[in-house]
**Student:** 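Would you mind keeping the following structure in view while I ask a few things?
All chains are named by letter (A, B, ...) in the order of the sequence lines, taking the proteins before the strands, and each is independently numbered beginning at 1.
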There are 4 protein chains.
Amino acid sequence: MTETPKKFRRRAEARPDEVLDAALAVFVEKGYAAAKVDEVARRAGVSKGTVYLYFPSKEALIEGIVRRAVAPIALRALPDLETYEGDPRVPITMLLTVLIQQLARPEAIAVPKLILREVLSFPFIATFYRNEVLDKVMPALVRLIRRGVDSGTLRKVDPELTVRSIIGPLLAHVALGELFGIMPEGGDLALDRFVANHLDILFHGISTQPAEARP
Amino acid sequence: MTETPKKFRRRAEARPDEVLDAALAVFVEKGYAAAKVDEVARRAGVSKGTVYLYFPSKEALIEGIVRRAVAPIALRALPDLETYEGDPRVPITMLLTVLIQQLARPEAIAVPKLILREVLSFPFIATFYRNEVLDKVMPALVRLIRRGVDSGTLRKVDPELTVRSIIGPLLAHVALGELFGIMPEGGDLALDRFVANHLDILFHGISTQPAEARP
Amino acid sequence: MTETPKKFRRRAEARPDEVLDAALAVFVEKGYAAAKVDEVARRAGVSKGTVYLYFPSKEALIEGIVRRAVAPIALRALPDLETYEGDPRVPITMLLTVLIQQLARPEAIAVPKLILREVLSFPFIATFYRNEVLDKVMPALVRLIRRGVDSGTLRKVDPELTVRSIIGPLLAHVALGELFGIMPEGGDLALDRFVANHLDILFHGISTQPAEARP
Amino acid sequence: MTETPKKFRRRAEARPDEVLDAALAVFVEKGYAAAKVDEVARRAGVSKGTVYLYFPSKEALIEGIVRRAVAPIALRALPDLETYEGDPRVPITMLLTVLIQQLARPEAIAVPKLILREVLSFPFIATFYRNEVLDKVMPALVRLIRRGVDSGTLRKVDPELTVRSIIGPLLAHVALGELFGIMPEGGDLALDRFVANHLDILFHGISTQPAEARP
DNA sequence: AATGAATGAGTTTTCATTCAT
DNA sequence: AATGAATGAAAACTCATTCAT
């Protein structure tokens, strides 16, 4: 009964989501300021009026996008990082693997791209993303590294700064590909090879014992 | 050469540069599309008409900024990378040190910020920056790493992908600070400590022999 | 007649009236052009569609309000003025007393306020109100005054212009209070005191014999 | 040199005034909410952009109109009322005569019409007009009447309420003519005859001695 | 009879660009 | 060379009206 019975249905409660999808696509393509609400509407297959029926302003669209996308992120990644007890390299591997899998999906990469582009124009994005994601994930990573250092698994690195060494290469890899079209020879992003190379260097770099961490 | 030869020359040919400075500041602050030519003129201390006297359009401003800034970059960094023969960790250290020193200067960080923000909107930025900087610096780095691997100084890492491990942490460090206001405990960017930690991990990660590389 | 005959009749035919009540309130508050049909519906406790079920357009609402309100006015006031034979000051006193009593009721004052606001925008209001009210009441008043002058009860005033001296002060009193919040000391409109003062001056001003007109 | 040398001059500093003139005309004709900025611009003979060059919003136009018009009013009328020492009927006659002369000029009547129409929508109009005009003129009138009562020239009327009897008939006369097209027989507003009849009744009504006030 | 989601024409507002001075 | 008043095309936003349910 609550399933969508026919092809032609009004009052789809999916509307706001469809509008946000369209807005995300247009914002990423043109940038927020250069995007036209008219085009968002067209891509969502509705009229301009309908966009304003669900969102009070153009700015509310970007806010809606960020809120909708950011909420689930931390929830998924965090538990793994926090609960794991043993060798910190295991959850780090998992985190990067999950991130890389996300980034392989074009819809998933759109939000980070939008955030990077617009964070300077919309302070609320910085605040919101910090509160909901960074301030949860980064301290968890820091604790993880600190535990590794304390337990002697990791060398005496600075936990806070080392976080940059974990996520930075990933950021660089995606930025080079997405922004400048620079990919490793072969033509695609070669995500698996990249993660392997990154973790190889990283774990060699931070572990006290050379190599046995991975089989 | 930089002295003012006559008494009544006003700042003469400095005008276009002053306009570009102002435009850069405004574009970084608001984003290109949201920036107003009016405000560029006001900050440059000239009238709107004068801006159009030197630049045919708003878009010419961003082009001017990118061209002016990008040209000198490659020229400075390249020779070091290319000519150095011995241990590749030396020029890498130099490169990162130079980069970090640049990024400490607010004017110098503005251009990369602008490029990151607007590449997606202005394909010419991607092309230009690729041609002038990335396609020169990155292959040089790749060759450097490959030489290190071949000569046995470095472990068998993938040279192309390892470039991401060299510049990525720097990118992450600056992005966290500039975009989200996230800095290591202590309140400033702690650039020296960061580079030290980064290189420590990196060189441990890529070298065949543990630590003696640097005195 | 005003009882609800059956249990399940809802408020049936009262609907259009409730809509007009709501429209009147909103129109007076915001002005016709700035009022939204949406808000009229909300205040009437119905949906926007229902408003259009009873009235073909927004303009039909203002027309409905004016028609509904104006019809009964003349009918009530007129007979008294026309049929009275003796001292004209008696029906004038009655007229002003009735008017003042009306104006004390907030619902009753709303229509004149609306008419004053919107006559200039809706010529039909001017025509309609003129035909239904002014062209009936004013000539009756003029005849009344003329009879008073002819019979020697009133001084030789211009009957047509004197009508302004009868209703004008009332208009001023209400306008000052309703539009500018200016009331006599004491805080309320002091309607009784005002009518007494007004009639005192008026009758002194138009009567041939000083004061004994009223006991 | 600062005179306007040629027919064709830009940067007329009269521009803002011309725009306000046009806005006043349109607002009175259609009402503020129904007026289009486009039409204001057209009537002022400038482009829409120029309107916004001088006024930041449509609302600023109505504010500009009210401020420009209201400022001089009180200044002109007040001194006469305040300084006069003798028979209060003299300054009252002067006040009404001046008002009537003003109202004979179509441009002068436009502002009061606009204020009456829009005062309910723009609270600042009520406040501003009260502060600048009503709260200055009305107390002056009240004091004038009180002096008359105290000195025995006037009967024991309530000074505050009597103000309504002075200005009310004028208000009624103008409202009937301007809003409903109702004029005394003869076709025009017959302003002189009206003032004569009004003052005749008023002074008869409020004076202790029947008639000699006027020759 | 009643709803309220959807529309799109119409309005306010913005701003890059021009040009007379 | 420099100005800044003026423009008008384009964009955000509103709201009376419609119509499938």
**Student:** Could you pick out which residue, D:S47 or C:P56, lies toward the 5' side of DNA chain F when each is mapped onto its nearest nucleotide?
**Tutor:**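 Its nearest nucleotide lies further toward 5', so the answer is D:S47.
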**Student:** Expressed in angstrom and rounded to an integer, what is the separation of B:F55 atom CZ from F:dA2 atom P?
**Tutor:**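 The distance from CZ of B:F55 to P of F:dA2 comes to 13 Å, rounded to the nearest Å.
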**Student:** Would you check if A:F55 and A:L20 make a side-chain contact, meaning some heavy-atom pair closer than 4.5 Å?
**Tutor:**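 Yes - at least one pair of side-chain heavy atoms lies under 4.5 Å apart.
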**Student:** Identify each atom pair where a protein N or O and an N or O of nucleotides 9-12 of chain E are less than 3.5 Å apart, giving names and distance.
**Tutor:**
| from | atom 1 | to | atom 2 | distance (Å) |
| --- | --- | --- | --- | --- |
| E:dG10 | O6 | A:K48 | NZ | 3.4 |
| E:dT12 | OP1 | D:A35 | O | 3.1 |
| E:dT12 | OP1 | D:K58 | NZ | 3.1 |
| E:dT12 | OP2 | D:V37 | N | 3.2 |

**Student:** Please give, in whole Å, the distance from F:dA11 C1' to A:K30 NZ?
**Tutor:**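 Interatomic distance, NZ of A:K30 to C1' of F:dA11: 14 Å.
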**Student:** Taking the side chain as C-beta and beyond, is there a heavy-atom pair between D:L24 and D:L114 under 4.5 Å?
**Tutor:**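 Yes, side chains in contact.
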**Student:** Any side-chain heavy atom of D:R67 sitting closer than 4.5 Å to one from D:F128?
**Tutor:**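 The answer is yes, as the side chains (C-beta and beyond) meet within the 4.5 Å cut-off.
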**Student:** Indicate yes or no: at least one non-hydrogen side-chain atom of A:R68 is less than 4.5 angstrom from one of A:D21.
**Tutor:**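 Yes, at least one pair of side-chain atoms sits under 4.5 Å.
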**Student:** Without decimals, in angstroms, what is the distance between B:R42 CZ and E:dA16 C1'?
**Tutor:**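 Rounding to the nearest Å, CZ of B:R42 and C1' of E:dA16 are 15 Å apart.
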**Student:** Can you find a heavy atom in the side chain of B:L120 that is under 4.5 Å from one in the side chain of A:L179?
**Tutor:**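 Yes, side chains in contact.
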**Student:** Could you tell me how far apart D:L53 (CG) and E:dC15 (P) are, to the nearest whole angstrom?
**Tutor:**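 Result: 14 Å.
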**Student:** Under 4.5 Å between any side-chain heavy atoms of C:F124 and C:I62, yes or no?
**Tutor:**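 Yes, at least one pair of side-chain atoms sits under 4.5 Å.
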**Student:** Flag the pair B:L61 / B:F27 as yes when at least one side-chain heavy-atom distance between them is below 4.5 Å, and no otherwise.
**Tutor:**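 Yes, their side chains come closer than 4.5 Å.
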**Student:** Taking only side-chain N and O atoms of A:Y54, does any of them lie within less than 4.0 angstrom of OP1 or OP2 on E:dA5?
**Tutor:**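 The answer is no; no side-chain N or O of A:Y54 sits under 4.0 Å from OP1 or OP2.
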**Student:** Just wondering, do A:V70 and A:I115 contact through their side chains at under 4.5 Å, heavy atoms?
**Tutor:**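 Side-chain contact under 4.5 Å: yes.
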**Student:** Whole angstroms only, please: what is the CD-C1' distance between B:E59 and E:dA16?
**Tutor:**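 That distance rounds to 12 Å.
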**Student:** Fill in the dot-bracket string of DNA chain E, one character per base: . for unpaired, | for a pair to another strand, ( ) or [ ] for pairs within the strand, taking Watson-Crick or G-U pairs under 3.5 Å.
**Tutor:** .||||||||||||||||||||
